[in-house]
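What's counted below: heavy atoms across the whole structure, side chains too, no hydrogens, waters or symmetry copies. These numbers were taken from a predicted model, which means no experiment stands behind them. Order of appearance sets the numbers: ligands from 1, and atoms from 1 within every ligand.
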Amino acid sequence: MTLDRILQSQGFGTRKGCRHLIRDGEVRVNGELVTEFGADISTDGLLLEVSGEPWQFRALVYLALHKPVDIECSRKPSHHPGVHSLLPAQFLARDVQPVGRLDHDTTGLLLLSDDGGFIHAQSSPKRKVPKTYVATTHEPVTEALLLQLNQGVKLHDEPLPIAGKARALASHQLEIILEQGKYHQVKRMLAAAGNHCDALIRVAIGELRLASLALQPGQWCYLDTAQLALLRSAD
Ligand code: URA
């Protein structure tokens with residue numbers, strides 16, 4: 001692939017902008033300065049350096065973000081900064097998107113990618129990828145509450161009761177595993193069962209656990225093959 005196309009594919013701007021970067025001597029390829037934008041370059045293990053910053057070529061990216069509070073998942077956020085404010089600008093340019101959404105006040109594991117097939121597979125209701133949440137409740141967690149959540153609660157606009165797999169973690173904390181991703185689902189289920197969600201964190205998607213990634217709120221990482229396999233093991 002030519003160097004200008006490679007840079008563009010990685011989110012370094014328009015083709016024209018990328019040609020300027022190359023001509024201006026801002027781009028190194030595997031350590032060597034290249035000023036010809038038409039040079040044909042292999043992308044296998046390609047390490048770029050753009051304006052002094054190292055950049056590993058990736059045809060597609062798969063990211064995990066520890067979403068903090070007061071960040072919106074929407075591409076056009078309205079009240080709080082969007083998730084892209086926490087990521088390198090190149091990812092917005094190459095259309096990296098969140099896989100599903102978390103509310104602005106929900107924290108925890110959020111996946112992002114520019115692989116449309118992956119996003120679709122992960123968010124498809126048919127695939128039923130389990131999502132694990134820990135909710136802090138306003139009222140105590142009772143056996144009656146767990147029974148309602150496990151047996152199913154009726155949500156407004158939903159024809160059938162919706163159930164999760166819920167268990168108590170502490171007097172005011174429970175874990176709930178959901179296979180659907182309905183709007184405000186955990187909060188609405190808790191409200192329908194007569195309690196209230198004071199705080200919510202997503203701790204796992206499929207077999208991939210946030211704790212295993214050692215990310216502080218606001219930090220992100222690339223997912224490696226083994227971590228991606230944990231997501232696909234739900235297939
Ligand atoms: N359920 C909610 O209520 N909010 C989220 O962000 C995710 C699940």
Side-chain angles (χ1 to χ4, degrees), residues 63-87 96-113 119-141 145-146 148-170 172-211 213 215-220 231 234:
L63 315 177
L65 170 73
H66 186 162
K67 183 192 164 299
V69 284
D70 290 344
I71 289 285
E72 290 183 24
C73 287
S74 159
R75 211 184 154 85
K76 293 195 179 145
S78 43
H79 299 293
H80 302 279
V83 278
H84 280 285
S85 65
L86 301 170
L87 303 170
V96 167
Q97 299 173 30
V99 180
R101 291 190 178 187
L102 292 175
D103 298 335
H104 81 87
D105 55 354
T106 300
T107 61
L109 182 56
L110 182 70
L111 305 178
L112 299 106
S113 180
I119 295 175
H120 178 75
Q122 284 294 315
S123 36
S124 161
K126 282 195 200 129
R127 208 159 148 270
K128 296 189 176 156
V129 178
K131 316 265 178 0
T132 308
Y133 296 89
V134 171
T136 303
T137 59
H138 199 70
E139 308 299 336
V141 173
L145 173 70
L146 296 173
Q148 284 192 75
L149 296 172
N150 284 314
Q151 287 189 338
V153 289
K154 179 78 184 69
L155 299 181
H156 185 63
D157 286 349
E158 291 299 331
L160 297 172
I162 307 240
K165 259 192 220 157
R167 67 186 179 102
L169 296 178
H172 287 71
Q173 200 171 57
L174 59 81
E175 176 192 87
I176 184 161
I177 304 175
L178 301 178
E179 287 186 342
Q180 317 83 354
K182 303 199 181 291
Y183 182 65
H184 292 334
Q185 188 172 338
V186 175
K187 294 173 188 166
R188 287 162 69 213
M189 286 178 74
L190 283 170
N195 205 312
H196 178 84
C197 182
D198 279 348
L200 187 61
I201 174 164
R202 182 154 71 191
V203 295
I205 298 176
E207 300 293 315
L208 181 67
R209 300 199 71 83
L210 178 63
L213 299 170
L215 297 173
Q216 293 304 310
Q219 287 184 332
W220 65 275
L231 295 166

Flag Arg188 as yes when one of its N or O atoms lies below 3.5 Å from any N or O atom of ligand 1, and as no otherwise. no
Report, in ascending order of atom number, the atoms of ligand 1 lying under 4.0 Å from any heavy atom of Thr106. 4 (N), 5 (C), 6 (O)
How close does the nearest protein non-hydrogen atom get to atom 4 (N) of ligand 1, and which residue and atom is it? Asp103 OD2, 2.7 Å
Does the N or O separation between Tyr133 and ligand 1 drop below 3.5 Å for any pair? no
Looking at Ser78, is its backbone amide N or carbonyl O close enough to the side chain of Glu72 to form a donor-acceptor pair, meaning the two atoms are under 3.5 Å apart? yes
Mark yes when over 12 heavy atoms from residues, nucleotides or ligands other than His80 sit less than 6.0 Å from its NE2; otherwise mark no. yes
In terms of side-chain geometry, is the basic nitrogen of Arg188 or Asp157 positioned less than 4.0 Å from the acidic oxygen of its partner? no
Can you spot which of Leu110, Val99, Val129 makes a side chain to side chain contact (heavy atoms under 4.5 Å, CB included) with Ile205? Val129
Part of Leu178 within contact of ligand 1 (heavy atoms, under 4.0 Å): neither
Can you check whether Glu158's main-chain N or O pairs, donor with acceptor, with Lys154's side chain at less than 3.5 Å? yes
Using non-hydrogen atoms of the residue, decide whether Tyr183 is closer than 4.0 angstrom to ligand 1. no
If you have a sec, work out which protein heavy atom is nearest atom 1 (N) of ligand 1 and how many Å separate them, to one decimal? Val186 N, 3.1 Å
At what distance, to the nearest 0.5 angstrom, does CZ of Arg101 lie from OG1 of Thr106? 13.0 Å
